[in-house]
Amino acid sequence: MARLPEQPNIDHLKKQAKELLRLYEAGDATAFARFRESLPAAQGKHDAAIAALGLKLHDAQSCIAREYGQTSWRNLQDAVDWANSRSQSRKELMAFWLHCVYGHGVERPRLALAAKMLAERPDLGAGELFLSCAIGDEAAVREAVRADAGRANRVENQWLCPCCGSPLGMPPLVAVTHSGFLQVPEFGDRLRRCARILLDAGADPNQSWQYKIGGEALSALYGAAGKNHDPELTKMLLDAGANPNDNESLYHSTEARDLTCMRLLLEGGARVEGTNAVHHILDRDDLAGLQLLLRYVKDVSGLTSSIGNPLIWAIRRRRSRAHVEALLAAGADPLAKAAHGLSAYRYALQNGLTDVAEALAEAGAGPAAGETLTIEDRFVAACAAADETEARRIHAERPDIVQSLSEWHLKQLPQMMESGAIEAVKLMVELGWPIAVQGGDWSASALNLAVFQGNAEMTRFLLEHGASWTERHGFDNNVNGTLQWASRNNNAELGDWVGCAKALVEHGMPADIEGNYGEEVAEFLAARSAGRIMPAGLPDNTSRSAE
């Protein structure tokens, strides 16, 4: 097993991964052997099978990490960061370590690194009650509140982030419930016992923390139920009198597959009305979670919020007939209208959800309410359902029908792309839909959404049908900006952003355009800009000037 030098360089390790990938792509037997030895996906496979895997840079990085004894590239980066930080003083390390324990901004906690740092530098968690609470040091917490029970409710050190100035110091109970270490078995029970010690000493179960200057306060309960999804700690706080209606806990409890914390909050008096919890549970396919929330709804009209009626939201998220029937059984109005005036029935058809429309009709909507469909409605419904025969029949009858569609009809192109209804998108485009129309959650074009999803096939399809990398979206940027953000932040294994970049460059996006891309995309663009990768369709010996 390889060993890191005393002062490892992450850039050097990146180069090792790129060189391994280059050798693999060249058919080098040594590269195949290294992947077979270290990469789980390649273990036990012969060279031809490994070649057929089409491994990418993130696979080479994973292989390099495992050769150094780490289970992932993220862990290898953590090891490098720590190796290069060991010589720093406690004061210099403290903010970085707290970020690893709690996360910071959009960054998630780096718990393996935080634990490793603490094991080698125990002083990081010593000397202050806040820090003792962060790591679950029971003896220190017990002694602190025994000497002065008032400390259980005080913020004693106003730690500030040296980068953004946001507060890092927390009240003791918040420090316990927000600690990422709750997710680490060796720390979890200790932290729960610390919470018990604090509550017994008189800690306010409704302690809160203003995580950024001018921001809303986050409660201790939110840390337990909404962030760490810890049932035992959630129950402990509720039993102690924590207010379940803190504007965050119930909403974020819907993000856990285990419904225990949500159930505890509801049983503890959390109100569903006036929150977006139902909308949030509809953001993913969780029928059991939706049904649980609805059992505690007294007035379904109180579920309508600034983001709209939950029945309309369920349709927008293309949820099943069972989801819609659950809402109707709870008292949702089948005659509800979307913000643009479209009825739920027509909106379901517009989204290709014929079974949902049928359920609404059975509840008294649609034809039963005297509603008739225009030829435009029927055309959009056929396209959204990917019913090519019916859509082309109507189009043949009315060749100009796309030009007569309303703005909201047209927005179904990006809506279908956002929902992953690929065959519907292809049919719409082939029948002449304006390809740059914006819609969906962030007012994006279909191309922006395809690139965001890392869908290289649809990126190429849309470009071949007239889409352009210059198309804007609601965050005041273009498709290149989408490529930058998605290739940096989305899971590399869930999309092909290099494939998207290739398609964009082959259809007019400059390869040398500056930007903050993910590593694989940055490597491709740099190689293409330097002439090391030929455009599609040109032979390898074509000169650069022939471009």
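In what follows, residues are counted from 1 in the order of the sequence shown. Values below: every heavy atom of this structure, side chains too, minus hydrogens, waters and symmetry copies.
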Counting only N and O atoms by type, is there a donor-acceptor contact under 3.5 Å from the side chain of [X] to the main-chain atoms of [Y]?
X	Y	result
D230	A225	no
R36	K45	yes
S419	A421	no
S487	G518	yes
S529	A526	no
N351	A348	no
N276	H279	no
D387	E390	yes
S38	F35	no
R398	I375	no

[atom1]/[X] to [atom2]/[Y] distance, rounded to the nearest 0.5 angstrom?
X	Y	atom1	atom2	answer
D496	T459	CG	OG1	9.0 Å
E523	L57	CD	CG	7.0 Å
I307	H280	CD1	NE2	9.5 Å

Worked verdict on W73 versus K14 for side chain to side chain contact (heavy atoms under 4.5 Å, CB included): CA-CA 10 Å; W73 182 254; K14 289 178 181 178; 3.7 Å; yes
For the residue pair [X] and [Y], establish whether any side-chain heavy-atom pair is separated by less than 4.5 Å.
X	Y	value
N480	T470	no
V324	L311	yes
W313	L327	no
L410	P434	yes
V521	R488	no
R110	H99	no

Residues F475, W485; criterion ring pair (Phe, Tyr, Trp, His ring centres under 6.0 Å); working and verdict: CA-CA 11 Å; F475 290 103; W485 194 95; 8.9 Å; no
No-hydrogen, no-angle side-chain donor-acceptor test under 3.5 Å, H252 and E255: yes
Side-chain H-bond candidate by donor/acceptor type, Q61 with E519, under 3.5 Å: yes
Parallel, tilted or perpendicular: ring planes of Y24 versus F32, cut at 30 and 60 degrees: perpendicular
Whether W433 and F379 hold their rings parallel, tilted or perpendicular, with breakpoints at 30° and 60°: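 Parallel, since the angle between the ring planes stays under 30°.
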Check: H178 ring centroid to Y222 ring centroid under 6.0 Å: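 Under 6.0 Å, so yes.
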Validation row, ring centre W497 to ring centre Y517 under 6.0 Å: no
Pair R321-E325, salt bridge (Lys or Arg N to Asp or Glu O under 4.0 Å): steps then yes or no: CA-CA 6 Å; R321 174 172 180 153; E325 287 177 335; 2.7 Å; yes
Side chain to side chain contact (heavy atoms under 4.5 Å, CB included) between I435 and H465, intermediate numbers included: CA-CA 8 Å; I435 205 159; H465 286 79; 4.0 Å; yes
Write out all pairs satisfying salt bridge (charged side-chain N to carboxylate O under 4.0 Å, His left out) with one or both partners inside [range], taking only residues at least two apart or from two chains.
range	answer
residues 26-35	R34-E67
residues 342-351	R346-E371, R346-D377
residues 427-444	R316-D441, R317-D441, R392-E430

Worked check of side chain to side chain contact (heavy atoms under 4.5 Å, CB included) between E471 and Q438: CA-CA 9 Å; E471 291 169 10; Q438 293 174 276; over 6 Å; no
Of the non-hydrogen atoms in [X] and [Y], which two are nearest, and what is the gap between them?
X	Y	result
L290	A326	CD2-CB, 4.3 Å
A391	C383	CB-SG, 3.9 Å
E423	A386	CB-CB, 4.0 Å
G289	M262	O-SD, 4.1 Å
R472	N448	O-ND2, 3.3 Å

Verdict with supporting geometry, E520 and F524, side chain to side chain contact (heavy atoms under 4.5 Å, CB included): CA-CA 6 Å; E520 293 183 70; F524 161 75; over 6 Å; no
Verdict with supporting geometry, E19 and R22, salt bridge (Lys or Arg N to Asp or Glu O under 4.0 Å): CA-CA 5 Å; E19 176 62 12; R22 186 191 68 78; 2.7 Å; yes
Pair E457 + K426, salt bridge at N-O below 4.0 Å: yes
Carboxylate-amine/guanidinium proximity below 4.0 Å for E37 and R66: no
